[in-house]
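Worksheet for the structure shown next.
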Amino acid sequence: MTTEAPSKPRDFIREIVEADLAAGRYQRVITRFPPEPNGYLHIGHAKSICLNFGIAGEFGGQCNLRFDDTNPTKEEVEFSESIKRDVAWLGFSWDDNLFHASDYFDQLYAWGEELILKGKAYVDSSSADEMRAMRGTLIEAGQESAYRTRSVDENLDLFRRMKAGEFPDGAHVLRAKIDMASPNINMRDPVLYRIRHERHDRTGDAWCIYPLYDYAHPLSDAIEHITHSLCTLEFEDHRPLYDWLIESVSVPSRPRQYEFARLNLNYTVMSKRKLLRLVEEKHVNGWDDPRMPTIAGLRRRGYTPASIRNFCERVGVAKRENVIDAGLVEFCVREDLNTTAPRVMGVLDPLRVVIDNYPEGETEWFDTGTRKVPFARTLLIEREDFMEEPPNKFFRLAPGREVRLRSAYFITCTGVVKDDAGNIVELHATYDPATRGGDSPDGRKPKATLHWVSADHAVDCEVRLYDRLFRSENPEESGNFLDDLNPNSLQVVPRAKLEPSVRGAAPFTRYQFERLGYFCVDPDSSGEAIVFNRTVTLKDTWAKVK
RNA sequence: UGGGGAGUCGCCAAGCGGUAAGGCAGCGGCCUUUGGAGCCGCCAUUCGGAGGUUCGAAUCCUCCCUCCCCAGCCA
């Protein structure tokens, strides 16, 4: 018997990790997920989370959660809390390894002095505008700052006084002394520290100078003994600076940066700036609006952690730009919910059906094994399940036609009642008592099985139906993405009719409403008033033949 | 047109010189008390293009084309 190797996820990063471990370059892999606490996590972050925590798990290593809190003007504790909640909800644990770049401010500062002492950094007193003007362009070298030749002593003195708060914002910066003529703009004496008289969520007023990402990140990695520092493609150009810093300062370990392509999804936006705008300008109802691609939004929509993890796995990790079809993430929830969600019946757009030969006042309770469903003389079916003049391919109810009511009886439509305007207001039907449970002793097989609900037993629920937030595949493409907002992305059914078994369902309970889709109890529910979010519809081949 | 990346099926993605995995979507069929699910089958003679090396190239070499990223005291 041959034993198949389990097909674990394969990608170029895991190959590198495996090779590094095999070669003995590192004894144990340590990765990190380094969000800046300035927004909510979205599904693109989920890819990075799955990668970093996934690798740590597979190779018996560790993954740190590190907040990149180097810019106090943009960061808030609300965001840190949401990030922790979302990572945990996705099913990953950082154990005791929760860190902050701000934990390292002392060490980072000390290395700033070390750089000065080695002649590798200097205090520049140019204005931001002057620096920009002297940076050169993509095709022209920059010019060296007049302050570049300051003495070590002067630099040290100035840097200490920057730290001491002697200067206003923008008066000086600490810059690396690398090469103003480098074709890589990141190497043209990048700024390492800036003055910001701003209170920091964690360090309070202890600091008025804050390190930049390019400086803090590699050194924080080194402090944490990160082995593989995984980031997105746009940081490829920063890797030489990452390495320069690691090599220029007395760090305790040698991390290496690798870049992969970020996740893009069609029919939505993923940039923090745009998501923030949607929230702030109230185009959606908060970061956890079920239409948002945020983890919080997906959770409220009814997505499961497993479905998001599977999605990330299917999407893969590579270096080429990609736009994933939103249909894939929908496939992943259906795949999960299909096997886990209890089935229940509910009618969104009710049409009364009176079973004329069913005894008045009688109620039967059908036991499906998971719940009991009441059947009575007056039923509600989905309006679109009836057609007075059905086209060829329409299998559902029509005058004179017999269909099965799921788990109940076969019924035959015997009459149509209309109002003065000609709208169908009620149907009449007869049932066949011999088909109790949904099977006919004579082997009759109706072409369709409909969902239904007993009118007198139904519980009224609000149901929120969602559609894609934007009309076009790439909302960023043409001008203002807000112009592309789908005006029908939220449709509310105020009084959908649900079978009574849903009564008392707790928030985040997930169901399949048979033939309609998967639905999840929204936290807006209170007591008797249940609100459902439609997570995703079922695949609908009828919609296609239509 | 400086530097850094990337181009394999509609969307992802394997492939690492030995003759194009897989998933999603799509299309047929079977089955079905959800037009759901499940099952079966089909779906790249061709890898951005052109040359070259080789018995053999998506994989190596050369030239070309296209796309993405970089000129924040953001990350």
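Only heavy atoms go into these numbers, but all of them, side chains included; no hydrogens, no water, no symmetry mates. In this text the structure is predicted, and so the values were computed from the model without any measurement.
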Same-atom distance ([atom1]) from [N] to [M], integer angstrom:
N       : M       : atom1 : value
rU62(B) : rC68(B) : P     : 26 Å
rG38(B) : rA20(B) : P     : 30 Å
rA50(B) : rC12(B) : P     : 23 Å
rC9(B)  : rA71(B) : P     : 31 Å

For [X] and [N], give me the distance from atom [atom1] to atom [atom2], rounded to whole Å.
X         : N       : atom1 : atom2 : result
Asn264(A) : rC67(B) : CG    : P     : 18 Å
Asn322(A) : rC67(B) : CG    : C1'   : 14 Å
Ile324(A) : rC12(B) : CD1   : P     : 6 Å
Tyr518(A) : rU34(B) : OH    : P     : 13 Å
Arg14(A)  : rA14(B) : CZ    : P     : 11 Å
Asp179(A) : rG2(B)  : CG    : C1'   : 13 Å
Gln512(A) : rA37(B) : CD    : P     : 10 Å
Tyr258(A) : rG5(B)  : OH    : P     : 14 Å

Lys NZ or Arg CZ of [X] over [Y] ring: under 6.0 Å, within 45°:
X         : Y         : result
Lys372(A) : Phe366(A) : no
Arg468(A) : Tyr267(A) : yes
Lys163(A) : Tyr109(A) : yes

G-U wobble or Watson-Crick pairing nucleotide for [N] (cut-off 3.5 Å, both distances):
N       : result
rC16(B) : none
rU66(B) : rA6(B)
rC11(B) : rG23(B)
rC60(B) : rG52(B)

For [N], does either OP1 or OP2 sit under 4.0 Å from a side-chain N or O belonging to [X]?
X         : N       : answer
Arg515(A) : rG35(B) : yes
Arg239(A) : rG4(B)  : no
Thr541(A) : rG36(B) : yes
Lys544(A) : rG26(B) : yes

| query | Any idea which of rU8(B), rC12(B), rC68(B) is nearest the Arg320(A) side chain? | reply | rU8(B)

| If you check every side-chain atom of Lys539(A), which of rG36(B), rA6(B), rC68(B) has the closest atom? | rG36(B)

| What is the per-nucleotide protein-contact pattern of nucleotides 70-75 of chain B, from the 5' end, where B denotes a base atom under 4.0 Å from a protein heavy atom, S denotes such proximity for sugar-phosphate atoms only, and - denotes neither? | BBSBBB

Classify the side-chain pair [X]/[Y] by whether it contains a donor and acceptor separated by less than 3.5 Å.
X         : Y         : answer
Asp221(A) : Tyr242(A) : yes
His217(A) : Arg32(A)  : yes
Thr31(A)  : His228(A) : no
Glu476(A) : Asn474(A) : no

| said: Return whichever of Val323(A) or Glu140(A) has its heavy-atom-nearest nucleotide of RNA chain B closer to the 5' end. | reply: Glu140(A)

| said: I want to confirm an ordering. Mapping Ala318(A) and Gly327(A) to their closest nucleotides on RNA chain B, which one lands closer to the 5' end? | reply: Ala318(A)

| task | Look at the side chain of Arg396(A) against the base of rG35(B) and say whether a donor-acceptor pair falls under 3.5 Å; ignore hydrogens and angles. | result | yes

| message | Check the orientation of Phe375(A) and Tyr431(A). Use parallel for under 30°, tilted for 30 to 60°, and perpendicular for over 60°. | response | tilted

